[in-house]
Amino acid sequence: MRSPLHEWTLEPQEAMALQRRLASRAERRDRIDEVHHIAGVDIGFEDDGETTRAAVVLLAWPGLEVLEEVVHREPTRMPYIPGLLSFREIPAALGAFERLSQRPDLVMVDGQGIAHPRRLGVASHLGLWLDLPTLGVAKKRLCGKHGEVPAGRGEWTPLIDRRRDEDPEEALMDEAGRVIIGAMLRSREGVKPVIVSPGHRISQATALEWVIACLGRTKLPEPTRLADRLASRRGKAFTSEKRQGDISYPSRPRHDR
DNA sequence: GCGACAG
DNA sequence: ATCTTGTCGC
C-alpha cells in the first residue's frame, strides 16, 4: 500500500478518486492474529489548525494497561472537508506510529471506518497504510440511517446506507440491497451512542466485539478515550514527548467527551 | 434545488 | 477540531 505516489495534499476531486480506488482494497473480513496489543489513535490541532498533533496509546490485552504513548506534531496539510478527513489526519498519525516501539495487533481510530460515502473513512485508510487491522469509533454520523438505539449498555442498532461503491464480495447487504456500514452502539447508558465500523482486515461483528470488550465506564472505549485525552489540549502540559510504563494522570472533573 | 456534513 | 465557566449527577 505504501506508495510515494500517494500525495496527501490533493484537490477534492483527486482525493475522492483515490478513495474510490483504495476502498476496493480495504478488507471487511477478519484477518487478525492473536491480539496482545491494542492501539488507540486520535488527532488534535494547535495554532488555529496550523499544526496537527497525533496521539497514539498502546495498551496491553487483556488488562488494558497503558504500555506506551506517543505524541507527534507536524504542519497541517489540508483543510477539513467532510468525507476527506483522512487526508488531513493520517500524515501525522503515521509519524506517531513510526515512533511507536512495536506494532499493535489492532488499532482503534477516532472517526469512521467504512461508514463513509465512499467506504473509506480515516480508520480504513489508515489501516491500508499500516497494513494492520483497524476499526473506527466515531462520535457523530457522517452518512447512513438507523432506527432507535436500545438503551442498555452494549446494545446496538445497525447503521444502514444505500448501496454505493460496494464490493459484492465484502459488503454486508440486506434483502433491500442496502448496506450495513456500521453499528450505533450504546457504550454507556444515558449517553449518545458511538458509531462502530470496520476499518481494514476486520468484520463488523468483530469490530463491535472488540469495542465492547474495551469499554470502561465511559462513552469511549479505553484505547480511543486515552488517545483522545492525549491528543486533546487537556493533556498539553503533560505530553511533551513520549512516556512509558505506569503513568498517573492529573484527574480533572469532566463529564462527557 | 435543498439539506447533511467524521474531526 | 477549537475557544471556554460553571454546574449537575453518579
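Chain identifiers are assigned alphabetically (A, B, ...) following the order of the sequence lines, protein sequences preceding nucleic acid strands; residue numbering begins at 1 within each chain.
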Sugar-phosphate only, base, or nothing, as touched by [X] at under 4.0 Å among non-hydrogen atoms:
{"X": "A/G136", "result": "nothing"}
{"X": "A/L120", "result": "nothing"}
{"X": "A/G121", "result": "base"}
{"X": "A/Q112", "result": "base"}

Protein-nucleotide distance ([X], atom [atom1]; [N], atom [atom2]), rounded to Å:
{"X": "A/E189", "N": "C/dG9", "atom1": "CD", "atom2": "P", "answer": "17 Å"}
{"X": "A/L159", "N": "B/dC5", "atom1": "CG", "atom2": "C1'", "answer": "14 Å"}
{"X": "A/L142", "N": "C/dA1", "atom1": "CG", "atom2": "C1'", "answer": "14 Å"}
{"X": "A/L85", "N": "B/dA6", "atom1": "CG", "atom2": "C1'", "answer": "6 Å"}
{"X": "A/K145", "N": "B/dA4", "atom1": "NZ", "atom2": "C1'", "answer": "12 Å"}
{"X": "A/K140", "N": "B/dA6", "atom1": "NZ", "atom2": "C1'", "answer": "8 Å"}
{"X": "A/F45", "N": "C/dA1", "atom1": "CZ", "atom2": "P", "answer": "9 Å"}
{"X": "A/M16", "N": "B/dC5", "atom1": "CE", "atom2": "C1'", "answer": "13 Å"}

When you check the gap from the basic side-chain N to the acidic O, do A/D131 and A/R31 get nearer than 4.0 Å? yes

Could you tell me whether A/R119 and A/D161 make a salt bridge, using a distance below 4.0 angstrom between a side-chain N and a carboxylate O? yes

Kindly point out which of B/dA6, C/dT2, B/dG7 is positioned nearest to the side chain of A/H116? B/dA6

The side chain of A/S232 lies closest to which of these nucleotides: B/dG7, B/dA6, C/dT2? C/dT2

What is the minimum heavy-atom distance between A/G83 and A/H116, and which atoms define it? O-NE2, 2.8 Å

Over all atoms of both residues, closest heavy-atom pair of A/K139 and A/D228: NZ-OD2, 4.1 Å

Determine: side-chain N/O of [X] to OP1/OP2 of [N], distance under 4.0 Å, yes or no.
{"X": "A/R141", "N": "B/dC5", "result": "yes"}
{"X": "A/R217", "N": "C/dG9", "result": "no"}
{"X": "A/K139", "N": "B/dG7", "result": "yes"}

Are A/Y80 and B/dG7 stacked, counting the six-membered base ring, centres under 5.5 Å, planes under 30°? yes

Does the ring centre of A/F87 sit less than 6.0 Å away from the ring centre of A/H125? yes

